[in-house]
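The sequence lines fix the lettering, A, B, ..., with proteins before strands; numbering per chain opens at 1.
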Protein chains: 2
Amino acid sequence: MPNSSMHRRRVTREQILDAAWGLAREQGLTGWTMRELADAVGLRAPSLYVHFASKYEIYDAMFADGYRTLLAQAEAIELPEDPRAAARTAAQTFVQFAVADEARLNLLFLRVIPGFEPTAASYTLAERVYAQGAEILARAGLTEPADIDLWTAVLSGLATQQVSNDPGGDRWINLVDRAVDLLLDDRRVSPVAEALEAAGNREAPGT
Amino acid sequence: MPNSSMHRRRVTREQILDAAWGLAREQGLTGWTMRELADAVGLRAPSLYVHFASKYEIYDAMFADGYRTLLAQAEAIELPEDPRAAARTAAQTFVQFAVADEARLNLLFLRVIPGFEPTAASYTLAERVYAQGAEILARAGLTEPADIDLWTAVLSGLATQQVSNDPGGDRWINLVDRAVDLLLDDRRVSPVAEALEAAGNREAPGT
DNA sequence: GTCTATAAATGGATAGAC
DNA sequence: GTCTATCCATTTATAGAC
């Protein structure tokens with residue numbers, strides 16, 4: 001049994017990234033060092049520089065990795081036909097993803113690391129997530145840029161409050177569906193007019 | 001003219017804190033060192049330890065200072081009589097405060113510094129802010145804890161998106177009033193029922 | 001209360017052998 | 001690709017003179 005070769009498998013970028021995620025989860029997004037990271041994958045610190053030119057480059061790879069995970073998760077979900085139900089599901093998926101890992105939330109959705117800016121290539125992934133969300137919203141009737149901005153603010157706000165003020169709980173997660181309905185019902189004319197119209201039609205059908 | 005004595009005034013905690021805020025704004029909340037801070041107030045690093053036992057203690061003082069500033073700002077504002085207008089004004093005040101200083105936003109409203117936890121005394125100030133907000137919301141008809149949670153999520157989300165994705169701009173700030181209206185109109189029975197009721201009363205007044 | 005001097009550890013990163 | 005050795009800057013924090 002070539003035991004040693006089984007244990008001495010390739011130490012790929014992916015393994016380093018996985019370890020980095022683990023450390024970030026345990027000690028905070030910026031709370032780990034290159035030495036700790038190397039230890040976590042059974043290497044010495046200098047060996048990391050064979051795979052990544054700098055710590056910032058690792059953050060950038062994590063940034064891209066996080067958005068790739070989100071995109072994969074989004075594709076795996078099959079959305080209901082009903083646009084509102086689809087928006088709810090998408091929102092739930094997003095918030096669950098965001099609160100599942102506070103370090104990841106900080107890296108992907110906040111600007112927390114002084115001086116870190118994702119590369120253009122990595123940022124493209126973020127834009128794809130955004131575009132996909134906008135598409136789902138469009139099907140639900142929200143096409144105005146301001147509507148989409150409000151949507152992103154509300155969802156990111158829910159996720160942030162959840163991890164900041166009730167970590168591990170569900171106090172803000174439980175508000176997601178309600179928030180979605182709120183946002184989808186917000187059209188200038190909106191349910192009031194719709195309801196009045198329906199009521200009017202019912203009582204004066206033949207005009 | 002005792003010039004030297006004019007320049008060599010007391011280096012108080014407040015001056016150190018002011019300098020710390022300045023560095024945090026310029027280089028990020030965690031992007032400064034004790035040496036830099038000392039330089040900024042014309043001291044040597046060791047002298048800082050006369051006033052603060054550690055860097056964390058400085059963060060804690062900044063945390064308290066930030067919430068004290070917010071409380072003072074909230075008291076200085078005179079709110080309109082109309083509850084909805086008051087809620088709008090309060091929301092505007094809060095978001096303006098939050099986006100005015102990204103480092104402060106990170107310290108006061110997010111969990112960004114690994115290992116930092118405000119002391120109980122400092123946290124009390126944060127709770128006073130929360131209580132004050134809840135009071136304003138109560139006057140506008142929002143008393144459910146879930147309503148208040150949603151409120152805090154939306155406002156913090158707007159502020160966070162503003163500084164993260166449009167620093168210095170007003171893309172999310174402009175959505176504050178709309179968000180407030182959205183939240184205040186969200187009662188289970190709410191405008192739809194109200195409007196229907198009104199319509200019903202108009203057409204069948206004498207029941 | 002502020003200083004000089006320095007501890008004592010830690011940081012990211014490089015050189016060069018294997 | 002990984003290692004040892006180490007650089008070199010930087011960090012928070014302390015000791016003790018003034």
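For DNA chain C, runs of at least 3 consecutive pairs of the Watson-Crick or G-U wobble type, with both hydrogen-bonding distances under 3.5 angstrom, map to C:1-10 with D:9-18, C:12-18 with D:1-7.
Residues in residues 99-153 of chain B take part in these ring-ring contact (aromatic ring centres under 6.0 Å, His included) pairs, two or more places apart or across chains: B:Tyr67-B:Phe109, B:Phe94-B:Phe109. Contacts classified as ring-ring contact (aromatic ring centres under 6.0 Å, His included) and involving residues 16-40 of chain A (residues at least two apart or in different chains) are given here: A:Trp32-A:Tyr59. Each side chain to side chain donor-acceptor pair (under 3.5 Å) pair with one or both residues in residues 101-112 of chain A, not counting sequence neighbours, appears once here: A:Arg25-A:Asp101.
Residues satisfying the side chain to side chain contact (heavy atoms under 4.5 Å, CB included) criterion with A:Asn174, sequence neighbours excluded, are A:Asp170.
A sub-4.0 Å separation between OP1 or OP2 of D:dC3 and a side-chain N or O of A:Ser47 is present.
Between A:Arg13 atom CZ and D:dG1 atom P there is a gap of 11 Å when expressed in whole angstrom units. Distance CD1 (B:Ile16) to P (C:dG1): 10 Å, rounded to an integer number of Å. Separating the NE2 atom of A:His51 from the P atom of D:dG1 is a distance of 6 Å, rounded to the nearest angstrom. One can place CD of B:Gln15 at 13 Å from P of C:dG1, the figure rounded to the nearest angstrom. What separates CZ of A:Arg44 from C1' of D:dG1 is a distance of 15 Å, to the nearest Å. Nucleotide D:dG1 holds its C1' atom 14 Å from the CZ atom of A:Phe52, rounded to whole Å.
The two residues B:Ala103 and B:Ala24 come nearest to each other via the heavy atoms CB-O, 3.5 Å. For the residue pair A:Ala38 and A:Arg44, the shortest heavy atom distance occurs at CB-C, 3.5 Å. Closest of all the heavy-atom pairs between B:Ala87 and B:Leu184 is CB-CD1, 4.0 Å.
No hydrogens or angles considered: nothing links the side chains of B:Asp149 and A:Gln161 as a donor-acceptor pair under 3.5 Å.
On the P atoms, C:dA8 is 23 Å away from D:dC8, given to the nearest whole Å.
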So if I define the base as every atom that isn't primed, P, OP1 or OP2, how would nucleotides 5-18 of chain C read as a B/S/- string at a heavy-atom cutoff under 4.0 Å? B-----BBBBB---

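B:Leu158 places none of its side-chain heavy atoms less than 4.5 Å from the side chain of B:Ile173.
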